[in-house]
*Asks:* 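Supplied in structure tokens, the structure appears directly below.
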Amino acid sequence: MFKYDLIIIGAGPGGYTAAIRAAQLGLNVACLEQEPALGGTCLRIGCIPSKAMLESSELFREANEKFSQHGIVLPEVKLNLATMLRRKEQVVGILTRGVDSLFKKNKITRYLGHGRITGVGKVLVEGQNGNTGLEATNILIATGSKSAPLPGVETDGDRIGTSTEALSYPEVPGHLVVIGAGYIGLELGSVWRRLGAKVTVLEFLNRILPGMDDEIAAEAKKIFERQGMEFRLGARVTAAKAKAAQCVVEAEGSTPLTCDRVLLAVGRVPNTDGLGLESVGIKLDEKGRIPVGDNFATTAAGLYAIGDVIRGPMLAHKAEEEGIACVEKLVTGFGHVNYNAIPGVVYTQPEIGSVGQTEEQLKTAKTEYRKGVFPMLANSRARTLAQTEGKIKILADAKTDRILGVHLIAAHAGDLINEAAVAINFGASSEDLARSCHAHPTLGEALREAALAVDNRTINL
Ligand code: NAD
């Protein structure tokens with residue numbers, strides 16, 4: 001029986017980051033992962049491969065539609081999808097192997113196999129060549145999530161599939177139907193639209209991107225429609241079946257659709273299969289999540305959980321923050337996550353970024369606020385990039401001027417939003433942001449102008 005200070009089940013961004021931090025703090029750490037490659041869904045079949053495909057497909061679109069504006073004339077732009085897919089796999093390989101190196105550097109013991117809790121402080125690693133029993137003072141569950149199924153939608157791992165299949169279609173579908181206008185549907189729908197597919201998005205609600213600020217989501221929909229994406233809102237999908245060479249998708253509020261491929265993207269559910277939680281008396285909540293207290297402790301002694309298996313947004317960076325806070329609290333007695341300063345990014349073109357409260361949340365809470373909006377059209381750097389679509393919105397407390405929320409659709413919004421997250425984390429006012437010198441010409445100046453707009457004193461509009 002091998003004994004550790006901490007056993008972490010799952011080597012996704014939450015688990016591997018927690019393992020490294022715990023090792024830095026002097027713990028003897030083991031990390032269990034059932035997949036041969038480390039890095040979890042995010043690195044293997046999520047954030048990283050999708051961003052690689054988003055980058056490649058956007059370059060393809062620009063070469064077709066935008067290069068000529070810059071005076072770059074290409075005789076003919078051709079797609080080599082096999083090369084594009086190979087590059088994506090190379091990016092994934094480099095990053096997952098990088099986690100292996102980090103584990104070696106930090107002296108973290110890695111076990112390949114499925115982790116099953118068998119009692120307080122006890123884990124069984126079920127590997128291909130037999131089982132290994134482990135013991136630990138503390139155990140941290142970081143097993144992430146998997147695609148949510150939808151009754152009536154018969155996924156076949158090929159033509160009717162999830163994001164995993166949509167990252168590797170061997171040819172550009174003639175017509176792709178996407179079920180769900182959330183993060184995954186819009187990102188992967190964009191990839192195949194740019195590569196030439198007709199894309200129809202069926203969304204149950206009467207809007208896209210639920211949870212995001214309404215004004216920004218409405219702007220996004222207009223832009224995506226200009227890019228050729230078709231939306232059917234108020235369409236609740238009830239069935240999807242593969243029939244001969246085609247798929248048929250049925251939805252309430254929409255005529256049936258015949259297409260080549262279907263991407264199911266209606267959310268994700270926590271991964272707790274075969275974890276042995278019953279052996280320590282843990283009962284899942286109504287959404288299948290592991291209930292935890294403030295310091296990520298479950299109801300079982302010495303058992304903690306972070307990331308997609310617990311409450312809160314299913315985001316890699318949220319899991320990382322929680323992993324660090326959890327092990328720091330264990331070792332030092334202090335550990336904290338500011339859930340109000342966790343940004344969300346949709347990596348479409350333009351990207352969409354959001355942090356803090358939306359305007360709708362402020363209205364519901366009857367919080368008095370002031371609002372500053374600045375269009376990217378008036379930002380000089382956006383003009384030089386020929387990426388002037390979108391806008392930035394800052395919401396600040398009407399009395400204290402403290403920034404409560406920042407929402408933007410703009411080129412490189414995924415990078416711009418981090419400045420807003422830092423501002424919120426430090427309790428900055430819109431005046432603080434407005435009085436911070438921003439380099440010229442940069443996209444970040446638009447964020448400053450939006451902060452000036454809170455007080456009706458933009459300069460460049
Ligand atoms: P999501 O929750 O973002 O969106 C799912 C959408 O499906 C919703 O708009 C919902 O109304 C719709 N829907 C549900 N049932 C439906 C039905 N029967 N018919 C039609 N529409 C229906 O989920 P997702 O896009 O699958 O993403 C899953 C998770 O992965 C999210 O929690 C997200 O945070 C995470 N993710 C994040 C990123 C990123 O950070 N860039 C990228 C991908 C995924």
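Order of listing sets the numbers, starting from 1, for every ligand and every atom in it.
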*Asks:* Of T238, V266, N206, V201, which has the heavy atom at the shortest distance from atom 14 (C) of ligand 1?
*Replies:*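 The option holding the nearest heavy atom is V266.
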*Asks:* Do the side chains of D158 and R261 get close enough for a salt bridge, i.e. N-O under 4.0 angstrom?
*Replies:* yes
*Asks:* Going by the atom numbers of ligand 1, which of them fall below 4.0 Å from some non-hydrogen atom of P210?
*Replies:* 8 (C), 9 (O)
*Asks:* Is there a donor-acceptor contact under 3.5 Å linking the side chains of H438 and E445?
*Replies:*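 The criterion, which ignores hydrogens and geometry beyond distance, is not satisfied for E445 and H438.
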*Asks:* Counting heavy atoms only, name the option from E203, R232, R207, M314 that's nearest to atom 31 (C) of ligand 1.
*Replies:* M314
*Asks:* So which atom in P270 and which in V309 form the shortest heavy-atom distance, rounded to 0.1 Å?
*Replies:*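 The answer is CB-CA, 3.9 Å.
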*Asks:* May I ask you to identify the nearest protein heavy atom to atom 7 (O) of ligand 1, giving residue, atom name and distance to one decimal place in Å?
*Replies:* G180 CA, 3.3 Å
*Asks:* Near Y347, which atoms of ligand 1 are under 4.0 Å from a heavy atom of that residue?
*Replies:* 41 (N)
*Asks:* List ligand 1 atoms under 4.0 Å from R236, heavy atoms only on the residue side.
*Replies:* 18 (N), 19 (N)
*Asks:* So is P313 touching ligand 1 or not, going by heavy atoms under 4.0 Å?
*Replies:*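 Heavy atoms of P313 never come under 4.0 Å of ligand 1.
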*Asks:* Heavy atoms only: which of T41, L54, I184, L315 lies closest to atom 27 (O) of ligand 1?
*Replies:* I184
*Asks:* Between K51 and E187 (salt bridge meaning N to carboxylate O under 4.0 Å), is one present in this structure?
*Replies:*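 Answer for the salt bridge query: yes.
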*Asks:* Distance to 0.1 Å, residue and atom name: give those for the protein heavy atom nearest to atom 21 (N) of ligand 1.
*Replies:*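 Protein heavy atom with the smallest distance to atom 21 (N) of ligand 1: F204 N, 3.1 Å.
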*Asks:* In terms of atom number and element, which parts of ligand 1 are under 4.0 angstrom from non-hydrogen atoms of V345?
*Replies:*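 What qualifies from ligand 1 is 39 (C), 40 (O), 41 (N).
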*Asks:* Assess whether a salt bridge exists between K146 and D273, defined as any Lys/Arg side-chain N lying under 4.0 Å from an Asp/Glu carboxylate O.
*Replies:* yes
*Asks:* Quick one: nearest non-hydrogen protein atom to atom 5 (C) of ligand 1, plus distance?
*Replies:*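 Minimum-distance protein heavy atom for atom 5 (C) of ligand 1 reads A265 O, 3.4 Å.
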*Asks:* Taking NZ, NE, NH1 and NH2 as the nitrogens, is one of them in K88 or E55 under 4.0 Å from a carboxylate oxygen of the other?
*Replies:* no
*Asks:* When you compare ligand 1 with G267, is there at least one nitrogen or oxygen pair between them that comes in under 3.5 angstrom?
*Replies:*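 Yes, there is a polar N/O contact under 3.5 Å.
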*Asks:* Using only atom types and a distance under 3.5 Å, with no angle test, would you say the side chain of E35 pairs donor to acceptor with the backbone of R44?
*Replies:*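 Checked: no pair found.
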*Asks:* Nearest protein heavy atom to atom 37 (C) of ligand 1, by residue and atom, and its distance?
*Replies:* Y183 CD2, 3.4 Å
*Asks:* Which atoms from ligand 1 have a heavy atom of L205 less than 4.0 Å away?
*Replies:*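 Listed by number with element: 11 (O).
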*Asks:* Could you tell me which atoms of ligand 1, counted from 1 in the order shown, lie closer than 4.0 angstrom to a heavy atom of I179?
*Replies:* 19 (N), 20 (C)
*Asks:* Does the pair E215/K371 count as a salt bridge with the N-to-O cut at 4.0 Å?
*Replies:* yes
*Asks:* Does A235 reach ligand 1, in the sense of a heavy atom lying below 4.0 Å from it?
*Replies:* yes
*Asks:* With heavy-atom distances below 4.0 Å as the criterion, list the atoms of ligand 1 near R268.
*Replies:*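 Atoms satisfying the 4.0 Å criterion: 28 (C), 29 (C), 30 (O).
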*Asks:* Can you see which heavy atom on L81 is nearest to which on V172, and at what distance?
*Replies:* CD2-N, 4.0 Å
*Asks:* Tell me which part of L186 gets within contact of ligand 1: side chain, backbone, both or neither, using heavy atoms under 4.0 Å.
*Replies:*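 For L186, there is no contact with ligand 1 at all, from either part.
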*Asks:* Looking at E389 and K222, is there a salt bridge between them, counting it only when a charged N and a carboxylate O are closer than 4.0 Å?
*Replies:* no
*Asks:* Looking at V237, which atoms of ligand 1 are within less than 4.0 Å of one of its heavy atoms?
*Replies:* 17 (C), 18 (N), 19 (N), 20 (C)
*Asks:* Any side-chain heavy atom of I392 sitting closer than 4.5 Å to one from M376?
*Replies:*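 I392 reaches M376 side chain to side chain.
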*Asks:* Look at atom 1 (P) of ligand 1 and find which of G253, G344, G182 reaches it with the closest heavy atom.
*Replies:* G182
*Asks:* Using a strict cut-off of less than 4.0 Å between a Lys/Arg side-chain nitrogen and an Asp/Glu carboxylate oxygen, indicate whether R21 and E328 qualify as a salt bridge.
*Replies:* yes
